[in-house]
Colleague: 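Encoded as structure tokens, here's the structure I'll be asking about.
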Amino acid sequence: MRKIEQAQSGDPDLGPLALLPGIWANLRDPQKPDEGPLNGRGWNMIALPFATAPGEGFNYRLLMNQYNERLVITTKDTGVPNRGIQPNPPVAPTTETDQALVALDYEQGVVHIATADFPASPLKQPVPSAIHHEPGLFLFMKNQTDGPIDIARLGTIPHGDSILALGDSEPPTPGAPVIPPFSGLPIGVGNPDPETSRYLAPYKHFIDNPFENLFRPDQTHALLVASLGALGPIKQTTTLRFSTKISTAGIINIPFVVDQANPTEMESTFWIMELEELGSDGLPRLIMMYHQVVMLDFFKRTDNVRGLIKWPHVSINTMERISAEPPPAPLASAEITCDAL
């Protein structure tokens, strides 16, 4: 029986996605943005093609954003069937080998509260303003999986991009997560040292002058690590990893995007932490961190390797679950038998 209903946090049928349902945000109270202890924990860095003045030696700008985010995870779609038989192609006798999936509907909204770029341009959006909107799905593949791959993320972005990322999960482990280091410097530049490369002047600018005195392009993980110490005792952490470089995953883009700055790879890791502290609802406080890297390919490599330079578009955030109950799902209580599909 297939059933579409409002998602519930802690539902064991969701497997490793069980803690995702609800409303996640930077702010404990979105109506009081200046009082939220997690206000402004979102940070974004992206290199963009940009016509610079003659003699500059590069035609891009590095854009920084500090942002607040609201992530609403609402609908649970249970018992989604993928039909199959074995052997495939069929040779008699055959057996049913259907796959069963569970899907969670999400919608992400991002509003930036500070911005800067180098070289400085008039193209930055005013502050505050919406800079990202993404509807999508998280999937849990309950059986017939390819090795450790048992989760997936599907996202659609209004720039004209569709993402299918596959991944795996780590069950809850005691304590805080280990956040690996990451440098957001481009890959494929002849001289990769921003201290001596004129071509990397925008990166050197923000290394010498961290955005909002906090965010550096060569240490994009650092603020997540620093945030861990301010959260208090962490009971356990669930880790979800997604990548478009696994198996049949990938990114599809509209022609203009492919021609100008093509997103070719995406990797993201989510750490969901259960704190020892209880919230006002009597439930454990939940904190979600993520580190996401989308590789944008544009301009020919200058390191004697064929292809285009890869420019890391990095987004990080630390959010809290502000409600275990998401808004009512539009298709709540709808039931559909598998035979109808």
Side-chain angles (χ1 to χ4, degrees), residues 1-27 30 68-83 98-111 130 132-145 149-158 161-169 238-242 244 249 252 266 268-272 274 279 281 283-284 286-288 290 292 317 319-341:
M1 176 73 72
R2 182 172 181 180
K3 191 174 184 180
I4 304 173
E5 59 187 349
Q6 182 168 315
Q8 300 293 327
S9 180
D11 182 350
D13 197 38
L14 296 173
L17 309 179
L19 294 179
L20 287 180
I23 301 174
W24 300 81
N26 282 115
L27 312 175
N68 287 326
E69 177 180 346
R70 187 175 174 88
L71 177 65
V72 181
I73 301 176
T74 55
T75 306
K76 171 190 171 186
D77 190 351
T78 306
V80 181
N82 285 333
R83 305 302 189 183
D98 295 351
Q99 183 184 53
L101 294 86
V102 180
L104 282 175
D105 181 284
Y106 76 83
E107 186 163 9
Q108 178 192 33
V110 172
V111 173
H132 186 76
H133 161 243
E134 179 182 328
L137 295 170
F138 290 105
L139 301 182
F140 169 43
M141 293 169 272
K142 302 180 72 172
N143 65 327
Q144 301 293 341
T145 56
I149 298 171
D150 64 349
I151 56 176
R153 174 182 163 198
L154 292 80
T156 51
I157 295 91
D161 316 294
S162 295
I163 295 172
L164 167 60
L166 299 173
D168 62 356
S169 59
T238 299
T239 302
L240 308 175
R241 288 179 291 261
F242 302 93
T244 63
I252 302 294
M266 187 275 282
S268 61
T269 302
F270 293 79
W271 298 277
I272 305 173
E274 180 182 334
D281 56 5
L283 299 173
L286 293 181
I287 300 293
M288 178 193 294
Y290 66 77
Q292 174 172 290
N317 206 354
M319 296 187 290
E320 182 169 355
R321 190 181 68 181
I322 61 173
S323 174
E325 297 294 330
L331 296 178
S333 300
E335 293 187 1
I336 310 170
T337 62
C338 291
D339 293 338
L341 297 179

Colleague: Would you please classify the geometry between the F270 ring and the F242 ring as parallel, tilted or perpendicular, with 30° and 60° separating the classes?
Modeller: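 F242 and F270: perpendicular rings.
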Colleague: Decide side-chain contact (heavy atoms from CB on, under 4.5 Å) for L137 and D105; before the verdict, give the C-alpha distance in whole Å, the side-chain angles of both, and the deciding distance to 0.1 Å.
Modeller: CA-CA 5 Å; L137 295 170; D105 181 284; 4.2 Å; yes
Colleague: Is it true that atom CG of L283 has more than 12 heavy atoms of other residues, nucleotides or ligands lying nearer than 6.0 Å?
Modeller: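 Yes, because the 6.0 Å sphere around CG of L283 holds more than 12 heavy atoms from other groups.
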Colleague: Does N143 reach the main-chain N or O of A100 with its side chain, forming a donor-acceptor pair under 3.5 Å?
Modeller: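 Yes, the answer is positive, given that a donor and an acceptor are paired below the 3.5 Å cut-off.
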Colleague: Between F140 and D150, is the side-chain contact (heavy atoms from CB on, under 4.5 Å) condition met? List the steps.
Modeller: CA-CA 6 Å; F140 169 43; D150 64 349; 4.3 Å; yes
Colleague: Looking only at heavy atoms, what is the nearest atom pair of T239 and W271, with distance?
Modeller: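 Taking every non-hydrogen atom into account, OG1-CD1, 3.5 Å.
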Colleague: Kindly compute the distance separating CG (L154) from CG (L164), expressed to the nearest 0.5 Å.
Modeller: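 It comes to 5.0 Å.
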Colleague: Roughly how far, to the nearest 0.5 Å, is the CG atom of L14 from the CD atom of Q8?
Modeller: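 Answer rounded to 0.5 Å: 9.5 Å.
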Colleague: Do I151 and L240 touch side chain to side chain, with heavy atoms closer than 4.5 Å?
Modeller: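 They are in side-chain contact.
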Colleague: For the residue pair R241 / S268, report whether a side-chain donor-acceptor contact shorter than 3.5 Å exists.
Modeller: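 R241 and S268 do not have a side-chain donor-acceptor pair below 3.5 Å.
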Colleague: How close do S169 and P16 get, counting heavy atoms only, and between which atoms?
Modeller: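 So the two residues come closest at OG-CB, 3.3 Å.
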Colleague: Taking atom types as modelled, is there a side-chain donor on H133 or E107 under 3.5 Å from an acceptor on the other?
Modeller: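 Yes, because at least one side-chain N or O of H133 sits under 3.5 Å from a partner of the opposite role on E107.
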Colleague: To check you understand the geometry: which heavy-atom pair defines the closest contact between Q144 and D98, and what is its length?
Modeller: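 For Q144 versus D98, the nearest heavy atoms are CG-O, 3.6 Å.
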Colleague: Please give me the minimum heavy-atom distance between L19 and R321, naming the atom from each residue.
Modeller: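 Residues L19 and R321, closest heavy atoms: O-NH1, 4.4 Å.
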Colleague: Compare every heavy atom of L17 with every heavy atom of P21, then report the nearest pair and how far apart it is.
Modeller: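 Looks like CD-O, 3.6 Å.
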Colleague: Under the criterion side-chain contact (heavy atoms from CB on, under 4.5 Å), which of L166, L104, L101 is the partner of L139?
Modeller: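 The passing option is L101.
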Colleague: Please test Q99 against V80 for side-chain contact (heavy atoms from CB on, under 4.5 Å), starting from the C-alpha separation and ending with a verdict.
Modeller: CA-CA 8 Å; Q99 183 184 53; V80 181; over 6 Å; no
Colleague: Is the shortest distance from a Lys or Arg side-chain nitrogen in E134 or R153 to a carboxylate oxygen in the other one below 4.0 Å?
Modeller: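 Judged by the 4.0 Å cut-off on N to carboxylate O distance, E134 and R153 do form a salt bridge.
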Colleague: For E69, is there any backbone N or O sitting under 3.5 Å from a side-chain donor or acceptor partner on N26?
Modeller: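 It does hold such a pair.
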Colleague: Between Q6 and K76, does a side-chain contact (heavy atoms from CB on, under 4.5 Å) hold up when you go through it step by step?
Modeller: CA-CA 6 Å; Q6 182 168 315; K76 171 190 171 186; over 6 Å; no
Colleague: Whether K142 and D13 form a salt bridge (side-chain N of Lys/Arg under 4.0 Å from carboxylate O of Asp/Glu) is what I want to check.
Modeller: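 Salt bridge between D13 and K142, a charged N being under 4.0 Å from a carboxylate O: yes.
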Colleague: May I ask you to decide if P135's main-chain N or O and T156's side chain share a donor-acceptor pair within less than 3.5 Å?
Modeller: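 Flag set: sc T156 to bb P135 pair under 3.5 Å.
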Colleague: Please report the interatomic distance CG(L286) to CG(L20), rounded to the nearest 0.5 Å.
Modeller: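 Here the interatomic distance stands at 10.0 Å.
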Colleague: List the atom of W24, the atom of I272, and the distance in Å for their closest heavy-atom pair.
Modeller: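 Heavy atoms of W24 and I272 come nearest at CH2-CG2, 4.0 Å.
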Colleague: Hey, are the side chains of R2 and D77 touching, using non-hydrogen atoms and a 4.5 Å cut-off?
Modeller: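 When only atoms from C-beta onward are counted, D77 and R2 do touch, with a gap below 4.5 Å.
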Colleague: Is it true that a side-chain atom of T244 and a backbone atom of M266 form a donor plus acceptor pair closer than 3.5 Å?
Modeller: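 The answer is yes, because a donor-acceptor pair under 3.5 Å joins these two groups.
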Colleague: Would you say the side chain of Y106 lies within less than 4.5 Å of the side chain of L71, judging by non-hydrogen atoms?
Modeller: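 Side chain of L71 against side chain of Y106, heavy atoms only: contact under 4.5 Å found.
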